Amino acid sequence: MTIIELKNHPVWQDLTEVLENLDANSLVAEHLELCDYKLCGYWDEQDEFYEEIILPRSLSADLVSSSIGVTGRKRWIKLKFVLQAERVNSHDSSHPNSTQNLGELTIVYDENLQFVDENWQINIDSPFIGKEK
């Protein structure tokens with residue numbers, strides 16, 4: 001049996017380089033634009049169905065994790081974003097601006113950066129979320 005020490009293997013540098021050179025902000029912005037900041041047919045955690053979820057166009061998407069997967073001949077990149085909206089709290093002068101967590105978006109791309117899949121986890125109770133049952 002051949003033993004490979006992965007801790008210092010060059011594959012980690014290569015993978016890190018790939019992830020660092022992705023423009024995740026452009027990818028998520030393009031994805032949000034293509035879906036027109038809307039989700040059609042969303043089930044929440046309480047198994048309630050919504051015909052349409054409308055996200056605010058002013059939201060920010062912050063990359064919180066990225067990974068590369070390989071199975072057989074398939075390869076993919078998974079990017080996970082936290083979706084937030086700025087809110088102004090006029091009642092608390094010590095924290096005039098804060099953010100409201102809208103949820104998470106995970107996007108999966110193939111090795112050619114073609115869209116494969118998405119997974120939304122939306123904070124349906126947020127006042128920034130438009131919803132239609």
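As the structure is a prediction and not an experimental result, all values here were calculated from the model. Numbering starts at 1 and runs along the sequence shown.
Counting heavy atoms from C-beta outward, Leu27 and Phe81 have side chains that stay 4.5 Å or more apart. Side-chain contact between Val28 and Leu79 is absent, with no heavy-atom pair separated by less than 4.5 Å. By the 4.5 Å heavy-atom criterion applied to side chains, Lys80 and Leu63 are not counted as neighbours. Ile129 places a side-chain heavy atom less than 4.5 Å from the side chain of Leu102. In this structure, the side chains of Asp110 and Ile77 stay at 4.5 Å or more apart for every pair of heavy atoms. Side-chain contact check for Leu55 versus Leu39: some heavy-atom pair is nearer than 4.5 Å. Taking 4.5 Å as the limit, every side-chain heavy atom of Glu111 sits out of range of all side-chain heavy atoms of Trp76. The shortest distance between side-chain heavy atoms of Ile53 and Ile124 falls below 4.5 Å.
Rounding to the nearest 0.5 angstrom, the gap separating the CD atom in Gln121 from the CG atom in Leu83 is 11.0 Å. Rounded to the nearest 0.5 Å, atoms CD (Glu118) and CG (Leu105) are 6.5 Å apart. The CG atom of Leu32 sits 5.5 Å away from atom CG of Leu59, with the distance rounded to the nearest 0.5 Å. In this structure, Glu132 CD and Glu51 CD are separated by 6.5 Å, a value rounded to the nearest 0.5 Å. Distance check: Ser66 OG to Lys78 NZ gives 11.5 Å after rounding to the nearest 0.5 Å.
Residue Tyr42 is grouped with residue Ile107 when hydrophobic side chains (ILVMFWY) are merged at heavy-atom distances under 4.5 angstrom, including chains of intermediate members. In this structure, Val18 is a member of the same hydrophobic cluster as Leu113, with clusters built from ILVMFWY side-chain heavy atoms closer than 4.5 Å.
Side chain to side chain, Asn123 and Ser126 fail the donor-acceptor criterion of an N or O pair below 3.5 Å.
Using modelled atom types, no side-chain atom of Tyr50 and backbone atom of Cys40 make a donor-acceptor pair closer than 3.5 Å. Judged by distance alone, with hydrogens and angles left aside, the side-chain atoms of Asp36 form no donor-acceptor pair with the main-chain N or O of Lys38 at under 3.5 Å.
Heavy atoms only, all atoms of each residue included: Phe49 and Lys133 are closest at O-CG, 3.9 Å. Closest approach of Gln84 to Asn101, counting heavy atoms only: CG-CA, 4.5 Å.
The aromatic rings of Tyr109 and Phe115 sit perpendicular to each other, their planes meeting at more than 60°, with 30° as the lower class boundary.
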